[in-house]
Asks: 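Let me give you the structure first, and then I'll get to my questions.
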There are 2 protein chains.
Amino acid sequence: MAKSGTRIQKKNQAAILEAGLDVFSQFGFRGSTIDQVATKAGLSKPNLLYYFPSKEAIYTALLAQLLEDWLEPLKALDRDGDPVEELMAYAKRKLDMSQHYPKESRLFANEIIQGAPRIGDVLKGELRALVEEVSDVINGWAEAGRIRPVNPYHLVFTIWAVTQHYADFDVQVRAIMGDVDPFDSAERHLDDMLRQMLSV
Amino acid sequence: MAKSGTRIQKKNQAAILEAGLDVFSQFGFRGSTIDQVATKAGLSKPNLLYYFPSKEAIYTALLAQLLEDWLEPLKALDRDGDPVEELMAYAKRKLDMSQHYPKESRLFANEIIQGAPRIGDVLKGELRALVEEVSDVINGWAEAGRIRPVNPYHLVFTIWAVTQHYADFDVQVRAIMGDVDPFDSAERHLDDMLRQMLSV
DNA sequence: CGTTGCTTTGACCAGTTGGTCAAATATTGC
DNA sequence: GCAATATTTGACCAACTGGTCAAAGCAACG
């Protein structure tokens, strides 16, 4: 997407996307201004618009890039692996993403909360198909007696909800837990929860 | 808050708050306009501003009203009740709120994701104290051997995350599950999950 | 009926917003 | 060093934003 171009183009496009992530993830699309993004990227507004044709273009570029990273871990679920370990590894990976890429998580959350006007099709298409596949795998595991029977959709939702909570509601989590880092204990909790829920 | 006044005042104030909930929960504070709220409330912009002094005032009124309803179920946790039933009843109540008041949930989510600029103090004060109390109760139950030992903070976060997910990410949940109503199966899943996690 | 106070509105304002454009400035390849 | 190209900028614009205000409409009470 942002491949071609001179060094300076690459540098500025990257700076814009990073700044855009900062701003959009905090204020949502409508709540953000080009000027905010430009300033944070160290550019003037017309200069930013030399690299991206519009505010919308920056936002959709971010969203497209994000969606790839978002769907990828789900694809890594291996039906031939150990069921409990596979699911716990997936959850752990999602939790790591919340810890290390919280802005991406919040950008996504903002978009979904606002009704997913730009990625509704991806949700109903690619994501839905992917979850259906995963659902089959989980059901297979359950039928083979390798995990407790669970509703696979809600299991996936639960993993998403819990892991993303630590990114999206970070400020609330920290307000409640104080100075303790939430992620260490969160990982143990998640581990325990899934093991308890899935072990036969 | 909106008690005094004539019938017409009450009617219009209520209409404004309802419209404000609609708009703010979808677009966040900065992404919403007074005009949107006014139109949705069936009023002209100056007329709306006759009842509320500013956009901010509508928003904070909503937030204040919301916070009460939000904290109340937590207070209802009874340390003398049956531990598993108490926690499951709390989770069920939160899930019901997600089902019947999704906009409230999304308004809250928007505010938190954007850094809780207006309710940071409540989070660090009242909410934190409340969760600390609940945490003591849960720890007490665990020490008495009435539930499995769990990290009480993360247990509470898990209940919040999972239940609110069905309101905040409603569009994603429905995109994936299709025409099936998520809430019936979600309730069973939540029930099963908590029982599995907490039963000794 | 008329007056008093509540309600509604059109016109308006200053600041912000997304976006344009021509001109100025840097960079690059020769 | 110079021409071609890429980058940056100040000035600008129309639309929109939150908010004001004086005047008009309306209800109710005597």
Side-chain angles (χ1 to χ4, degrees), chain A residues 1-64 107 110-111 114 117-118, chain B residues 1-64 107 110-111 114 117-118:
Chain A
M1 192 123 213
K3 271 179 199 165
S4 62
T6 65
R7 313 168 261 280
I8 193 162
Q9 272 174 10
K10 286 188 182 178
K11 188 193 79 181
N12 281 341
Q13 279 170 352
I16 290 167
L17 288 175
E18 196 188 321
L21 179 62
D22 263 34
V23 175
F24 287 130
S25 69
Q26 189 173 356
F27 301 111
F29 180 72
R30 291 187 47 174
S32 305
T33 71
I34 297 187
D35 253 324
Q36 280 179 289
V37 178
T39 301
K40 200 154 251 177
L43 301 172
S44 65
K45 184 171 63 166
N47 198 9
L48 179 147
L49 288 165
Y50 172 73
Y51 292 101
F52 284 85
S54 67
K55 180 184 171 183
E56 178 101 22
I58 306 170
Y59 187 74
T60 51
L62 278 169
L63 223 44
L107 184 76
N110 260 315
E111 175 69 11
Q114 304 191 358
R118 291 153 231 270
Chain B
M1 193 126 211
K3 272 179 201 167
S4 61
T6 65
R7 315 167 259 282
I8 193 161
Q9 272 175 9
K10 286 188 182 179
K11 188 193 80 182
N12 280 341
Q13 279 172 350
I16 290 167
L17 288 175
E18 196 188 321
L21 179 63
D22 263 35
V23 175
F24 287 131
S25 69
Q26 188 173 357
F27 302 111
F29 180 73
R30 291 186 46 173
S32 305
T33 71
I34 297 186
D35 253 325
Q36 279 179 288
V37 178
T39 302
K40 200 154 252 177
L43 301 172
S44 66
K45 184 170 62 166
N47 198 10
L48 179 147
L49 287 165
Y50 171 72
Y51 291 102
F52 284 85
S54 67
K55 179 184 171 183
E56 178 101 23
I58 307 171
Y59 186 73
T60 50
L62 278 170
L63 222 44
L107 184 77
N110 260 314
E111 175 70 11
Q114 305 191 358
R118 291 153 230 271

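Proteins come first, then strands; the chains are lettered A, B, ... in the order of their sequence lines, and each starts at number 1.
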Asks: Nearest to the side chain of A:Leu49 - C:dA11, C:dT17, C:dG19?
Replies: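 Output: C:dG19.
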Asks: Indicate, with a heavy-atom threshold strictly under 4.0 Å, whether A:Arg30 touches base, sugar-phosphate, or nothing.
Replies: nothing
Asks: Would you mind checking if A:Glu18 and A:Lys40 are paired as a salt bridge, meaning a charged N to carboxylate O distance below 4.0 Å?
Replies: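 Judged by the 4.0 Å cut-off on N to carboxylate O distance, A:Lys40 and A:Glu18 do not form a salt bridge.
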Asks: Rounded to the nearest angstrom, tell me the gap between atom CZ in B:Phe52 and atom C1' in C:dT7.
Replies: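 Whole-Å distance recorded here is 16 Å.
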Asks: Looking at D:dT9, C:dG10, D:dA6, which one has an atom nearest to any side-chain atom of A:Tyr50?
Replies: D:dA6
Asks: Quick one: which of B:Leu49, B:Asn47, B:Leu48 gives a side chain to side chain contact (heavy atoms under 4.5 Å, CB included) with B:Lys45?
Replies: B:Leu49
Asks: Which heavy atom in A:Gln26 sits nearest to a heavy atom in B:Gln114, and how many Å separate them?
Replies: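 What the structure gives for the nearest pair is O-CG, 2.9 Å.
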Asks: Please classify the nucleic acid contact of B:Ile34 as base, sugar-phosphate, or nothing, using heavy-atom distances under 4.0 Å.
Replies: sugar-phosphate
Asks: Could you go through the side-chain contact (heavy atoms from CB on, under 4.5 Å) check for A:Phe27 and A:Thr33 one step at a time?
Replies: CA-CA 9 Å; A:Phe27 301 111; A:Thr33 71; over 6 Å; no
Asks: Take the protein atom NZ of B:Lys11 and the nucleotide atom P of D:dA27, then report the distance between them rounded to whole Å.
Replies: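 Distance check: B:Lys11 NZ to D:dA27 P gives 11 Å.
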Asks: In whole angstroms, how far is the P atom of C:dT17 from the CZ atom of B:Phe27?
Replies: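 In whole Å, C:dT17 P and B:Phe27 CZ are 18 Å from each other.
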Asks: Is B:Ile8 touching bases, backbone alone, or none of the nucleic acid, heavy atoms closer than 4.0 Å?
Replies: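 The residue B:Ile8 makes sugar-phosphate contact but no base contact.
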Asks: Using whole Å, what does the distance between atom P of nucleotide D:dA11 and atom CG of A:Asn47 come to?
Replies: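 Those two atoms, CG and P, are 16 Å apart.
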Asks: Just the rounded figure in Å: distance from C1' of C:dT17 to CD1 of A:Ile58.
Replies: 14 Å
Asks: What I want to check is whether an N or O donor and acceptor connect the side chain of B:Lys45 with the base of D:dG18 at under 3.5 Å.
Replies: yes
Asks: With nearest nucleotide decided by heavy atoms, which residue, B:Asp35 or B:Arg7, maps closer to the 5′ end of DNA chain D?
Replies: B:Asp35
Asks: Considering only D:dT7, C:dT9, C:dT28, which nucleotide approaches the side chain of B:Ser44 most closely?
Replies: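 Looking only at side-chain atoms, B:Ser44 lies closest to C:dT9.
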Asks: What's the NZ-C1' distance between B:Lys55 and C:dG15, to the nearest Å?
Replies: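 Between C1' of C:dG15 and NZ of B:Lys55: 14 Å.
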Asks: What heavy-atom pair brings B:Ile16 and B:Val37 nearest, and what distance separates the two atoms?
Replies: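 Of all heavy-atom pairs spanning B:Ile16 and B:Val37, the closest is O-CG1, 3.9 Å.
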Asks: Which nucleotide sits closest to the side chain of A:Ser54: C:dT7, D:dG19, C:dG19?
Replies: C:dG19
Asks: Is the phosphate of D:dA6 approached by A:Asn12 (side-chain N or O, under 4.0 Å from OP1 or OP2)?
Replies: no
Asks: Expressed in angstrom and rounded to an integer, what is the separation of B:Lys10 atom NZ from C:dC6 atom C1'?
Replies: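 For the pair B:Lys10 NZ and C:dC6 C1', the rounded distance is 16 Å.
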Asks: Tell me the interatomic distance from A:Leu48, atom CG, to D:dT7, atom P, rounded to whole angstroms.
Replies: 14 Å
Asks: So if I take every side-chain heavy atom of A:Gln9 and compare against C:dT20, C:dG19, D:dA6, which nucleotide ends up nearest?
Replies: D:dA6
